[in-house]
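This report refers to the structure that appears directly beneath it.
In this text, all values refer to a predicted model and were calculated from it rather than measured experimentally. In what follows, every heavy atom counts, from backbone to side chain, and hydrogens, waters and symmetry copies are set aside.
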Amino acid sequence: MRGFVRGEVRTQLILLPSSLDDYVTEENPVRIIEAFVDGLDLTELGFAGMVPAATGRPAYHPATMLKLYLYGYLNRIQSSRRLERETQRNLEVMWLTGRLMPDFKTIADFRRDNGPAIRATCRQFVVLCRRLNLLSEAVVAIDGSKFKAVNTRDKNFTPAKVQKRIEQIEASIDRYLSALDTADREEGEIAQAKVARLKDKIAALKQQMQRYRELEKAVQAAPDQQISLTDPDARSMATSGKGTGVVGYNVQTAVDAKHHLIVAHEVTNVGHDRDQLSNMAGQAQQAMGHDALTVVADRGYFKGEEILACEQAGHIPYIPKPLTSGAKAEGRFGKQDFVYIANDDVYRCPAGERLTWRFNTVEKGQTLRSYLGTGCATCAIKTQCTTGKERRIKRWEHEAVIDAMQRRLDQEPTCMRVRRRTVEHPFGTLKAWMGATHFLTRTLKRVSTEMSLHVLAYNLKRVIAILRVKPLMAALRA
C-alpha cells in the first residue's frame with residue numbers, strides 16, 4: 001500500500017536557500033502589478049513623497065505602497081490592518097515589496113494622502129486598454145448602484161426621522177410619568193427605589209429630547225435637509241426593493257460593451273440617476289477616444305435635457321421612457337395613444353380626430369406646446385380619454401429627439417438585454433469582492449479614491465483574463 005506524500009522536516013537545514021523569485025511563477029499576476037506600476041510616471045500622476053526627505057527616517061517609495069494596494073484590492077484585501085499582516089506572511093507580497101513591512105497606519109495614510117493620484121492611475125490603466133485596442137467598439141452601457149457607507153441608518157437624520165424619534169421619546173416620557181404616579185402611591189423601600197429609577201429614566205429622556213430638538217434645527221438648516229453623523233457626505237437613498245433604502249453613495253459607471261471594462265466611473269451622493277447621462281457619456285468618450293458613442297441606459301436616466309445634451313455631443317442614446325401617465329393608470333388613454341403628425345404639427349387621437357396647437361407655456365425651464373381637441377364634447381369615447389371639457393396634450397419643443405430615440409428602440413429591441421449583461425456584471429463582481437460590508441473610508445473624496453482602487457483591480461483582472469499574463473507582460477514592457 002502506497003504511503004502519503006510527505007512534507008519536508010521543518011528543522012532540516014539546506015545549503016543553498018531558495019530565493020523569493022522561485023516561489024512566484026512566470027504566470028503569477030503579481031508580475032503584472034510589478035510591470036504596470038514600474039511603467040508609470042508617478043511624479044506626473046501626482047504621488048506625494050517622490051523626492052525623499054534629507055533628514056529623518058527614510059520613507060517607503062510610493063511605488064511600493066501602490067503595488068501593495070493593487071495586490072490587496074485584486075485579492076479582496078482592502079483593510080490596511082489586513083494588508084499589514086499579509087506583508088509578514090504572504091510570499092507574493094514579500095516578492096512584490098522586497099520584504100518591506102509597513103505598518104497599517106502608513107498603509108492607510110498612503111491611500112488618504114494620494115487620492116487624486118490614485119484616481120489618475122485608474123484612468124491611466126484605461127489609456128493602456130485603449131492602446132491595447134480593447135476599446136475598439138464605440139458602445140457603452142451606463143448604470144448606477146448604491147453602495148453602503150460607514151454610517152448606519154440610526155446615524156442618518158431627515159426631518160421625518162427626527163420627528164418620529166421625538167414622538168417616540170414623548171410617548172416614553174408619558175408612560176414613565178404614569179408609572180411614576182402609580183409608584184408614588186405605594187409604600188416601602190422597593191417603591192422608593194422604583195421611583196428613583198423612573199426619575200432617572202425621565203431625566204435621561206428629557207436630555208435626549210433636547211439633543212433631538214437641536215438636531216432638528218440643524219437638519220432643517222442643511223441644504224438637502226439631511227444629516228449623517230458618522231460620514232457627513234453619506235446620504236439616505238432608496239433602493240429597488242419596496243420600502244427599502246441604504247445610507248451610502250451612488251456609484252456611476254460606463255462599461256465597454258465588448259470586454260466589460262469600466263471606462264469611466266464617478267461616486268455621487270445623489271440618490272437618483274436622472275442628471276448623470278451626459279456627464280458619464282462625456283467621460284466615457286474622453287476615456288475611449290471615440291468621436292461619438294452609442295450609449296445604453298435604463299429608465300432611471302430618462303430626462304429630456306440629458307438626452308438632448310447627448311445628441312448634441314454626437315452620441316446615440318438608447319433610454320426607454322418610463323410609464324408615468326396618470327391617465328393610463330386610471331384606465332384612460334395616455335399620451336402614447338396619440339400619434340404626432342410632424343408635417344401638420346398635430347396629434348391624432350384614438351377616435352381619429354386632430355388636436356391642434358393653441359399656445360406655449362414654460363414649466364421648469366422647458367418650453368411646452370399645448371395641443372387641444374375640438375370635437376371632444378360629442379366624442380363617443382370621451383370618458384375613456386379625459387374628464388375635462390377637451391383633451392390636452394403637451395409637447396416639449398425638442399421632443400423630436402425623444403421620438404427618434406423611441407424609433408431606434410423599436411428597431412433594436414435587444415439593446416436593453418445588452419445593457420443588462422454589460423453593466424450589471426461589474427457591479428455584481430465589485431460587491432461580491434467587497435462582501436456584505438461597506439466602504440472603509442469616509443467622505444465623498446476618500447470614498448472616490450477607494451472606488452478607483454476597486455475599479456482598477458477589476459479592470460486589471462479583466463485584462464489578465466482576456467490577454468493572459470505573458471502577452472500582457474510583453475505589452476507592458478513594449
Nearest 0.5 Å, please: how far is CG in Leu66 from CD1 in Ile33? 9.5 Å
Cation-pi check, Lys431 to Phe147: give yes when NZ or CZ is under 6.0 Å from the six-membered ring centre and within 45° of the ring axis, no otherwise. yes
All salt bridge (charged side-chain N to carboxylate O under 4.0 Å, His left out) counterparts of Arg130, not counting sequence neighbours: none
Looking just at side-chain N and O atoms, do Glu412 and Tyr318 make a donor-acceptor pair shorter than 3.5 Å? yes
Pair Thr441, Glu450: side-chain N/O donor-acceptor within cut-off below 3.5 Å: yes
Salt bridge or not for Asp403 and Arg407, using N-O below 4.0 Å? no
Tell me, yes or no, whether the heavy-atom count around Arg358 atom CZ, taken from other residues, nucleotides or ligands under 6.0 Å, exceeds 12. yes
Pairwise salt bridge (charged side-chain N to carboxylate O under 4.0 Å, His left out) hits with a residue in residues 366-390, at least two apart: Asp345-Arg369, Glu390-Arg392
Would Arg165 and Tyr212 count as a cation-pi pair here, with the cationic atom under 6.0 angstrom from the ring centre and within 45° of the axis? no
Can you tell me how the ring of Tyr458 sits relative to the ring of Trp433, calling it parallel under 30°, perpendicular over 60° and tilted otherwise? tilted
Given Ile262, which partner from the list Leu430, Val126, Leu456 fulfils the side chain to side chain contact (heavy atoms under 4.5 Å, CB included) test? Leu430
side-chain contact (heavy atoms from CB on, under 4.5 Å) between Val30 and Glu34: does it pass, once the steps are laid out? CA-CA 6 Å; Val30 296; Glu34 172 94 357; over 6 Å; no
Modelled atom types, side-chain donor and acceptor of Arg119 and Ser448, under 3.5 Å: no
First locate atom CZ of Arg111, then atom CG of Leu440, and finally report the distance between them rounded to the nearest 0.5 Å. 5.5 Å
Heavy-atom side-chain proximity of Val295 to Ile142 below 4.5 angstrom: yes
Please check if the side chain of Asn114 supplies one atom and the backbone of Ala117 the other of a donor-acceptor pair under 3.5 Å. no
Run the salt-bridge test on Lys161 and Glu167 with the 4.0 Å N-O cut-off and return the result as yes or no. no
Report the C-alpha separation of Arg213 and Glu216 in whole Å, then their side-chain angles, then the decisive distance to 0.1 Å, and conclude whether the salt bridge (charged side-chain N to carboxylate O under 4.0 Å, His left out) test is met. CA-CA 5 Å; Arg213 292 293 184 191; Glu216 185 178 29; 3.7 Å; yes
Counting neighbours of CD on Gln286 that are heavy atoms of other residues, nucleotides or ligands and sit closer than 6.0 Å, is the number greater than 12? no
For Gln366 and Glu397, test the side chains for any donor-to-acceptor distance below 3.5 angstrom and give the result as yes or no. no
Working note: Glu170 + Arg175, criterion salt bridge (charged side-chain N to carboxylate O under 4.0 Å, His left out); need CA distance, chi angles, decisive distance, verdict. CA-CA 9 Å; Glu170 288 176 344; Arg175 188 171 64 254; over 6 Å; no
Residue pair Ala309 / Ser278: nearest heavy atoms and the distance that separates them: CB-CB, 3.9 Å
For the pair Glu86 and Arg76, evaluate salt bridge (charged side-chain N to carboxylate O under 4.0 Å, His left out) and give the outcome as yes or no after the intermediate values. CA-CA 12 Å; Glu86 292 302 308; Arg76 302 170 65 176; over 6 Å; no
Could you measure the distance from the CG atom of Leu372 to the CD1 atom of Ile393? Nearest 0.5 Å is fine. 9.5 Å
Please enumerate all residues that pass ring pair (Phe, Tyr, Trp, His ring centres under 6.0 Å) together with Tyr249, with sequence neighbours excluded. none
What distance do Ile402 atom CD1 and Lys303 atom NZ have between them, rounded to the nearest 0.5 Å? 12.0 Å
What one should report as the nearest heavy-atom pair of Ile319 and Leu409 is O-CD1, 3.5 Å
Test salt bridge (Lys or Arg N to Asp or Glu O under 4.0 Å), reference Asp143, set Arg299, Arg419, Arg421, output is Arg419
Please determine whether salt bridge (charged side-chain N to carboxylate O under 4.0 Å, His left out) holds for the pair Arg354 and Asp344, giving the CA-CA distance in whole Å, both sets of side-chain angles, and the decisive distance to 0.1 Å. CA-CA 10 Å; Arg354 292 191 168 196; Asp344 299 332; 3.1 Å; yes
Could you tell me if the side chain of Val401 sits less than 4.5 Å from the side chain of Trp396, heavy atoms only? no
Please round to the nearest 0.5 Å and tell me the distance separating atom CG of Leu229 and atom OG1 of Thr152. 8.5 Å
Taking everything shown except Lys155 itself, do over 12 heavy atoms lie less than 6.0 Å from its NZ? no
Once the angle between the rings of Tyr73 and Tyr69 is folded into 0 to 90°, is it parallel (under 30°), tilted (30 to 60°) or perpendicular (over 60°)? tilted
Does any pair with a residue in residues 333-353 pass ring-ring contact (aromatic ring centres under 6.0 Å, His included), and if so which ones, sequence neighbours excluded? Tyr340-Tyr347, Tyr347-Tyr371
Exam field: side chain Thr268 to backbone Asn250, donor-acceptor pair closer than 3.5 Å: yes
Please check this pair: side chain of Asp41 against backbone of Glu44, looking for a donor-acceptor N/O pair closer than 3.5 Å. yes
Salt-bridge test for Arg274 and Glu305: reply yes if a basic N is under 4.0 Å from a carboxylate O, no otherwise. no
Using distance alone, with no hydrogens and no angle criterion, decide if Thr429 and Lys461 have a side-chain donor and acceptor under 3.5 Å apart. no
Side chain of Arg153, backbone of Gly245: donor and acceptor closer than 3.5 Å? yes
Gap between atom OG of Ser370 and atom NZ of Lys394 - 0.5 Å precision: 5.5 Å
Less than 4.0 Å between a side-chain N and a carboxylate O, is that true for Arg446 and Asp231? no
Between Arg420 and Asp298 (salt bridge meaning N to carboxylate O under 4.0 Å), is one present in this structure? no
Strictly distance-based, threshold 3.5 Å: is any side-chain N or O of Asp337 a donor or acceptor partner for the main-chain N or O of Cys349? no
Does a donor on one side chain sit under 3.5 Å from an acceptor on the other, for Asn156 and Ser228? yes
Compute whether any side-chain donor of one residue and acceptor of the other, for Asp273 and Gln276, lie under 3.5 angstrom apart. no
Who passes ring pair (Phe, Tyr, Trp, His ring centres under 6.0 Å) against His272, sequence neighbours left out? none
Scan side-chain atoms only and decide if His315 and Thr294 contain a donor-acceptor pair under the 3.5 Å cut-off. no
Arg391 and Cys376: which non-hydrogen atoms are nearest, and at how many Å? N-SG, 3.4 Å
Whether over 12 other heavy atoms sit under 6.0 Å from Arg81 CZ: no
Measure from the side-chain N and O atoms of Asp233 to the backbone N and O of Thr443, and report whether any donor-acceptor pair falls under 3.5 Å. no
Quick check: do Val263 and Val255 have side-chain heavy atoms less than 4.5 Å from each other? no
Checking His260 now: which residues fulfil ring pair (Phe, Tyr, Trp, His ring centres under 6.0 Å) with it, not counting sequence neighbours? His425
Backbone of Gly375 reached by a side-chain donor or acceptor of Glu353 within 3.5 Å: no
